[in-house]
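Report on the structure given below.
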There are 2 protein chains.
Amino acid sequence: MANDGTQREFYCGLDAALSIVGGRWKFLILWQLAVQGPQRFGQLRRMVAGISEKVMIGALKELEADGIITRKDYRTVPPHVEYSLTSSGTSLAEALNPLCQWGYAHMEQIENRAEQLAAR
Amino acid sequence: MANDGTQREFYCGLDAALSIVGGRWKFLILWQLAVQGPQRFGQLRRMVAGISEKVMIGALKELEADGIITRKDYRTVPPHVEYSLTSSGTSLAEALNPLCQWGYAHMEQIENRAEQLAAR
DNA sequence: CGGTATCCGAAACGATACTG
DNA sequence: CAGTATCGTTTCGGATACCG
């Protein structure tokens, strides 16, 4: 690993990509925005079932800082904020497609694993 | 989201795939095995620079339980163990390729982000 | 050499209450 | 409705010592 003064070094594009879409929720948010189109905060949160408000907001901020999504605040009361993908976000979602396909094809294999791991 | 009694439900193939390759290290291990071919434990660990033994072993066990890699123990002394990809592992590595490409193409954008986040 | 066991701190996540 | 603040919990990764 080189050390040329930049804050982060990546071995391959993979850890750059996974630093964005890694974690438990962010890829789901990305996916929802890709499939459903632009969404309001509340809508989006209902689609990503189980996520807490706090984590949702944190994830959205990171995705925004990464240039993956855009936040549009209509500055009304009650508030109305809409999130949508940037072009980077769209291309990222496309790059995620093969992985998604792979996942579908191997779901049973993976679900069986869950039981094995339970016995750890 | 269906509920048919299985232990884990996946929204899309994506969280199935990321439940395997997520986390900080496992995708790097997968990648090394894909690029370099079968490797011994020590070799592999040197390639995935920075990982501790404990975490390495945990990651390898999970990947093995997931059917992504195979562990071959030569049962010699001193020990000689070799890890290699299964066919699932190979196809997973292939599915990861577009993501890797995307990452390379957006590295600068992402590295800049690191500085923004530092100011959070 | 490859692996186990244990302890520890940091980070991610989750629940709840509250605000403009 | 969208977001903040604060809490507690869980999960993950790092360090170290030890075993066959």
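Every chain is numbered from 1, with letters handed out A, B, ... down the list of sequences.
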When the distance from CG of B/L44 to C1' of C/dC1 is rounded to whole Å, what number comes out?
14 Å
Test salt bridge (Lys or Arg N to Asp or Glu O under 4.0 Å) applied to A/R40 - qualifying residues, sequence neighbours left out
none
Distance in angstrom units between A/L28 CG and C/dC13 C1', rounded
15 Å
Interatomic distance where CD belongs to A/E62 and C1' belongs to C/dA11 [whole Å]
11 Å
Without decimals, in angstroms, what is the distance between B/I29 CD1 and C/dG2 P?
14 Å
Is any side-chain N or O of A/R45 closer than 4.0 Å to OP1 or OP2 of D/dA2?
no
Quick one: which residue pairs count as a salt bridge (charged side-chain N to carboxylate O under 4.0 Å, His left out) with a foot in residues 85-102 of chain A, not counting sequence neighbours?
none
Take the protein atom NZ of B/K61 and the nucleotide atom C1' of C/dG2, then report the distance between them rounded to whole Å.
11 Å
Can you measure from CG (A/L96) to CG (B/L14) and round to the nearest 0.5 angstrom?
4.5 Å
By the 4.0 Å heavy-atom rule, please label B/P78 as base, sugar-phosphate, or nothing.
sugar-phosphate
Rounded to the Å, how far apart are B/Q39 CD and C/dC1 C1'?
15 Å
Under 4.0 Å, heavy atoms only, any strand: does A/Y83 hit a base, just the sugar-phosphate, or nothing?
sugar-phosphate
How many angstroms lie between CH2 in A/W25 and CZ in A/R45, if you round to the nearest 0.5 Å?
10.0 Å
I want to verify a distance call: between D/dA5, C/dC7, D/dG20, whose nearest atom is closest to the A/K54 side chain?
D/dA5
d(CH2, B/W25; P, C/dA11) in whole Å:
15 Å
Between A/I57 and B/G22, which is nearer to the 5' end of DNA chain D once each is assigned its nearest nucleotide?
A/I57
With DNA chain D as reference, determine whether A/E53 or B/S52 sits nearer its 5' end, using the nearest nucleotide of each.
A/E53
If only side-chain N and O atoms of B/K26 are considered, is one of them under 4.0 Å from the OP1 or OP2 phosphate oxygen of D/dG13?
no
Does B/R24 have a side-chain nitrogen or oxygen under 4.0 Å from the phosphate oxygens OP1 or OP2 of D/dG14?
yes
For D/dA2, does OP1 or OP2 lie under 4.0 Å from any side-chain N or O of A/R40?
yes
Just verifying a value: how many Å separate A/Y83 OH and A/K72 NZ, rounded to the nearest 0.5 Å?
13.0 Å
Return the value, rounded to whole Å, for the distance between atom CE of B/M56 and atom P of D/dG13.
13 Å
